[in-house]
Asker: 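Okay, handing you the structure first.
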Amino acid sequence: MSHDIRSLVEIDRLIHEPARLMIVAILYAVESADFLYLKRETELTKGNLSSHLSKLEEAGYVEIEKTYKGKVPLTICNLTEKGRQAFANYRKQMKFMVDSTT
Amino acid sequence: MMNEDIDHTIQRTRRYWYIDGLPDIVFGSILLLLALYFYMKTVLPPESTLANMLTVGFVLLIVGCGWIGGRIINYFKERLTYPRTGYVSYPKPKTSHRMVTGIVAALIAFMLTALIATSPGSLFLIPTLMGVLIGLAMLYFGSKIGLMRYYLYAALSALIGIGLSWTHISSDLSGAVYYFVMGLVLLVTGVFTLWNYLHQTKPVEDD
């Protein structure tokens, strides 16, 4: 198997899915962001966003904390160290693939 | 989603802090305070108690304004921005990054002082240097997060600096004029940005 194809096979499919990639890219740039911000930026429905966040949480890429600001419920999300590493690796692999095909 | 899209998403997320114009309003207000500081220095007798207090209190003014400014931004963001478009917190700058910034600032201050000491005739160039340096810092910052209005601030800063050098007025008065114009522009732009933001968004009841 060529190195290019092997790279493609080794791509992290959990992050590769477009909606989750967007969520991870947003969280990569910040310390934490709430559900409202993620929903607005990704333009996903509540249900879809919850589902993607749950998958990322199960993989240990994202931590979700439910809290209150005054009486307002707040769902705060942040990328774990494992998630940051996975995202950095994903970008490296994608860059390598793009560079090797151009 | 290609690498460029990812870069764009990361940049837009970093830019979010400036979406409401609040940082511009607070920064502009701080610059107006600085303008008042330099103006007071031009009208007070040089050896008066108040003039000496102003000189000694300059560092305190800068640090105090930064500290209070940050709290004012957070206070209004919690009430205006987060209920509308969501809460985001950013990582604190790394110590190494802060150290590099501090070293660069100290080097520039040292070079300016050396320039004035060795060539007093070059004093009239100080507003140009100040305007261009602050402009370059704004240009770098604007390009880093992709914020167009910071390019305009950068150009304006350089233009005011160069213009003030031509007038040959005292350094304190040129400082006062520079900070007054820059502060006013930032304040007005910030208020306009905030007004637009408040008209385009509305508070969301739950997340």
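Please read all numbers here as calculations on a predicted model, not as lab measurements. Every chain is numbered from 1, with letters handed out A, B, ... down the list of sequences.
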Asker: Should we say atom OH of B:Tyr197 is surrounded by more than 12 heavy atoms from elsewhere, each under 6.0 Å from it?
Answerer: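 More than 12 within 6.0 Å, yes.
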Asker: Is it the case that more than 12 heavy atoms not belonging to A:Phe87 sit under 6.0 Å from its CZ atom?
Answerer: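 Yes, CZ of A:Phe87 has more than 12 neighbouring heavy atoms, counting only those of other groups under 6.0 Å.
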Asker: Please walk me through it: do B:Lys92 and A:Glu31 pass salt bridge (Lys or Arg N to Asp or Glu O under 4.0 Å)?
Answerer: CA-CA 9 Å; B:Lys92 289 179 176 63; A:Glu31 194 174 69; 5.2 Å; no
Asker: Considering non-hydrogen atoms only, spot the tightest contact between A:Ala29 and B:Pro91 and give its length.
Answerer: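 Smallest interatomic distance, heavy atoms only, reads O-CD, 4.1 Å.
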Asker: Out of curiosity, A:Ile26 CD1 to B:Ile6 CD1, how far, rounded to the nearest 0.5 Å?
Answerer: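 One finds 11.5 Å between CD1 of A:Ile26 and CD1 of B:Ile6.
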Asker: If I compare all heavy atoms of B:Val88 with all of A:Ala33, which pair ends up nearest, and what's the gap?
Answerer: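 Where B:Val88 meets A:Ala33 most closely, the heavy atoms are CG2-CB, 4.0 Å.
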Asker: Please test A:Leu36 against B:Tyr87 for side chain to side chain contact (heavy atoms under 4.5 Å, CB included), starting from the C-alpha separation and ending with a verdict.
Answerer: CA-CA 7 Å; A:Leu36 173 61; B:Tyr87 164 84; over 6 Å; no
Asker: In Å, rounded to the nearest 0.5 Å, how long is the span from OG1 of B:Thr9 to CD1 of A:Ile23?
Answerer: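 Interatomic distance, B:Thr9 OG1 to A:Ile23 CD1, rounded to 0.5 Å: 11.5 Å.
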Asker: Got a second to check how far A:Arg91's CZ is from B:Asp7's CG, nearest 0.5 Å?
Answerer: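 Answer rounded to 0.5 Å: 4.5 Å.
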Asker: Return the OH to OH distance between A:Tyr37 and B:Tyr16, rounded to the nearest 0.5 Å.
Answerer: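 Taking OH in A:Tyr37 and OH in B:Tyr16, the distance rounds to 6.5 Å.
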Asker: Does B:Phe192 CZ have over 12 foreign heavy atoms under 6.0 Å away?
Answerer: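 12 or below, so no.
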Asker: Is atom OH of A:Tyr28 surrounded by more than 12 heavy atoms (other residues, nucleotides or ligands) closer than 6.0 Å?
Answerer: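 Not more than 12 within 6.0 Å, no.
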Asker: Give the C-alpha distance, both sets of side-chain angles, the deciding distance and a yes or no for side chain to side chain contact (heavy atoms under 4.5 Å, CB included) between B:Tyr82 and A:Leu74.
Answerer: CA-CA 10 Å; B:Tyr82 301 155; A:Leu74 207 61; over 6 Å; no
Asker: Nearest 0.5 Å, what's the OG-CG distance between B:Ser89 and A:Asn78?
Answerer: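 So the gap between those two atoms works out to 8.0 Å.
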Asker: Is the number of heavy atoms from other residues, nucleotides or ligands within 6.0 Å of OH (B:Tyr90) greater than 12?
Answerer: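 Atom OH in B:Tyr90 is packed in, count exceeds 12.
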Asker: B:Glu78 versus chain A, heavy atoms under 4.5 Å apart: side chain, backbone, both or neither?
Answerer: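 It is the side chain, since no backbone atom gets that close.
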